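This report concerns only the one structure given below.
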Number of protein chains: 2
Amino acid sequence: MAKMGRPRTFDRQKAVVQAMHLFWEHGYEMTSLSQLKANIGGGISTPSFYAAFGSKEELFNEAVQCYLETYACVTDSLWDDEIPPRDAVELALRRSTKMQCESGHPKGCMVSLGTMSAPTPELTHVVEPLTASRSRTLQGFVRCVERAIAMGELSKKANARSIGIAFNSFLLGVSILARDGVEASDLDASITELMKLWDIEVCQPK
Amino acid sequence: MAKMGRPRTFDRQKAVVQAMHLFWEHGYEMTSLSQLKANIGGGISTPSFYAAFGSKEELFNEAVQCYLETYACVTDSLWDDEIPPRDAVELALRRSTKMQCESGHPKGCMVSLGTMSAPTPELTHVVEPLTASRSRTLQGFVRCVERAIAMGELSKKANARSIGIAFNSFLLGVSILARDGVEASDLDASITELMKLWDIEVCQPK
DNA sequence: TGACTTATAGACTACTCGATACATAAGTTC
DNA sequence: GAACTTATGTATCGAGTAGTCTATAAGTCA
């Protein structure tokens with residue numbers, strides 16, 4: 001049975017993607033309803049917007065969900081136990097950096113740059129999924145180091161949390177550098193340097 | 001000769017510092033005139049604000065200048081040729097991280113977090129001093145690595161720009177981690193790990 | 001055909017934004 | 001004292017914010 005009532009003049013899923021790009025670029029608060037309406041299916045009216053999405057906040061949540069299910073997957077290797085931990089870390093860094101510098105969408109990572117998106121305490125909950133995702137990624141890096149220690153690849157003396165924070169902090173910084181226009185090749189080369197941090201912790205053969 | 005006219009009811013320099021803290025926390029756009037007025041000397045009126053500072057943008061510029069001349073000095077070691085380059089890098093990282101986690105002002109670095117402060121192209125110039133400062137800091141890190149190579153401390157094969165980007169990206173990430181509530185001690189420990197990146201590039205004695 | 005359902009368009013609400021006009025208050029200088 | 005200078009308070013501006021009301025258009029179902 002087909003849907004009843006007057007059909008929508010725009011593609012709802014495409015609209016969520018367009019909204020995601022706007023929120024990604026400008027943050028939650030700085031993306032206005034006018035911008036969103038203007039960029040959805042060649043422009044829609046206010047009631048159409050509210051009928052389709054409920055509110056700005058609900059659309060933001062959908063956009064974040066969409067981001068997490070697509071672009072954010074570049075760091076999935078951090079939780080893949082099939083991949084050797086060193087490769088998992090390097091893959092996450094290289095894939096994420098490459099994604100953040102791609103054309104066709106805003107530079108940087110929506111999750112990282114979302115720190116400033118809701119500067120007032122009342123709006124903290126809006127941006128909570130982003131905070132949670134950052135926390136999860138940090139845990140992912142730490143987890144890989146822990147796995148390497150458990151496997152005997154890294155020394156038992158290695159500080160998993162400190163090393164994990166180092167990799168994670170580097171990756172967060174990439175968002176800002178990508179926004180500032182640093183070339184993807186430069187960032188990729190700096191990952192090669194950063195990975196030496198791993199190699200220096202490797203257990204020396206006796 | 002004392003100043004003519006009715007005296008101001010608030011301390012202008014203190015007001016700039018208070019404004020700096022607000023801009024630091026919320027960014028340029030998300031800091032409203034109401035907030036600024038309310039937080040200056042127990043509350044001032046609109047005309048008093050404009051008489052004293054000209055406009056929101058001019059006050060922001062003053063606040064940025066104030067930041068650069070005070071808090072931002074934590075990375076000054078990067079341009080101090082009296083300090084051995086490795087120490088200069090480590091000092092900049094540790095001092096900046098410590099400052100970013102201090103209480104008494106917003107967490108993170110105003111310069112780093114200012115990326116998102118002016119999301120529209122028309123406002124890019126407002127935030128230009130912050131962009132310039134980020135670029136300068138990156139150059140500072142690269143410069144230290146170059147100095148170490150010239151001194152023979154680091155291998156001639158070392159890629160100064162890549163290594164500099166790695167240190168700089170880490171430090172940019174610290175702003176986001178500090179906002180997210182990561183402990184200063186954890187960040188400091190991760191600096192210890194990161195500095196191994198330097199040591200691995202050191203010329204091996206033959 | 002007519003009842004039902006959903007989306008649309010235009011007008012409008014209450015509020016906040018940054019910024020200004022005008023009259024007045026509070027000082028210094030002569 | 002009067003003239004001058006600067007800051008202040010009240011009241012307001014036009015624009016933009018998120019969101020709502022009412023009526024109508026455009027479909028499906030019986």
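Remember, it's a predicted structure, so these values are computed and weren't measured experimentally. Keep in mind that the numbers below use all heavy atoms, side chains included, and drop hydrogens, waters and symmetry copies. Throughout, protein chains are lettered first and strands after them, A, B, ... in sequence-line order, and every chain is numbered starting at 1.
Rounded to the nearest 0.5 angstrom, B/I191 CD1 and B/M195 CE are separated by 9.0 Å. The structure places CG of B/L22 at 8.0 Å from CD1 of B/I40, a figure rounded to the nearest 0.5 Å. To the nearest 0.5 Å, atom CD of residue A/E201 and atom CG of residue A/N159 are 9.0 Å apart.
In this structure B/R136 satisfies the salt bridge (charged side-chain N to carboxylate O under 4.0 Å, His left out) test with no other residue, sequence neighbours excluded. Taking the side-chain hydrogen bond (donor to acceptor under 3.5 Å, both in side chains) definition, one finds that A/S135 meets it with nothing, sequence neighbours left out. Scored by the side-chain contact (heavy atoms from CB on, under 4.5 Å) test, A/A19 finds A/F23, A/L36, A/L59 as partners (sequence neighbours excluded). Residues satisfying the side-chain hydrogen bond (donor to acceptor under 3.5 Å, both in side chains) test with B/E57, not counting sequence neighbours, are B/H125. Not counting sequence neighbours, the partners of A/Y67 by the ring pair (Phe, Tyr, Trp, His ring centres under 6.0 Å) test are A/W24, A/Y71. Every residue two or more places apart in sequence or in another chain was checked for a ring pair (Phe, Tyr, Trp, His ring centres under 6.0 Å) with A/Y50, and none qualifies.
Among residues at least two apart or in separate chains, salt bridge (charged side-chain N to carboxylate O under 4.0 Å, His left out) pairs with a member in residues 82-101 of chain A are A/R86-A/E90, A/R86-A/D199, A/E90-A/R94, A/R94-A/D188. Listed by first then second residue, pairs satisfying ring pair (Phe, Tyr, Trp, His ring centres under 6.0 Å) with a partner in residues 72-102 of chain B number zero, not counting sequence neighbours.
A straight line from CG of A/L59 to C1' of D/dT17 spans 16 Å, rounded to a whole angstrom. Between the CZ atom of B/F53 and the C1' atom of D/dT6 there is a distance of 15 Å, given to the nearest Å. Whole-Å rounding puts the A/L36 CG to D/dG16 C1' distance at 14 Å.
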Could you list the protein-to-nucleotides 15-17 of chain C atom pairs, N/O on both sides, closer than 3.5 Å?
from   : atom 1 : to    : atom 2 : distance (Å)
C/dC17 : OP1    : B/S32 : OG     : 3.2
C/dC17 : OP2    : B/S34 : OG     : 2.8

Taking N or O atoms only and anything under 3.5 Å, show me the protein contacts with nucleotides 1-4 of chain C, one pair per line.
none

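Both B/R6 and B/E57 lie close to DNA chain C; mapped to their nearest nucleotides by heavy-atom distance, the more 5′-ward contact belongs to B/E57.
Cation-pi geometry between B/K56 and B/Y28 is met: the NZ or CZ atom falls under 6.0 Å from the ring centre, inside 45° of the normal.
For the segment residues 7-22 of chain B, the set of residues with a heavy atom within less than 4.0 Å of an atom of DNA chain C comprises B/P7, in numerical order. Within residues 42-51 of chain A, the residues having any heavy atom under 4.0 Å from DNA chain C are, by residue number, A/S45, A/P47, A/S48.
Taking the six-membered ring where the residue is Trp, A/F167 and A/F141 present parallel rings, their angle staying beneath 30° rather than reaching 60°.
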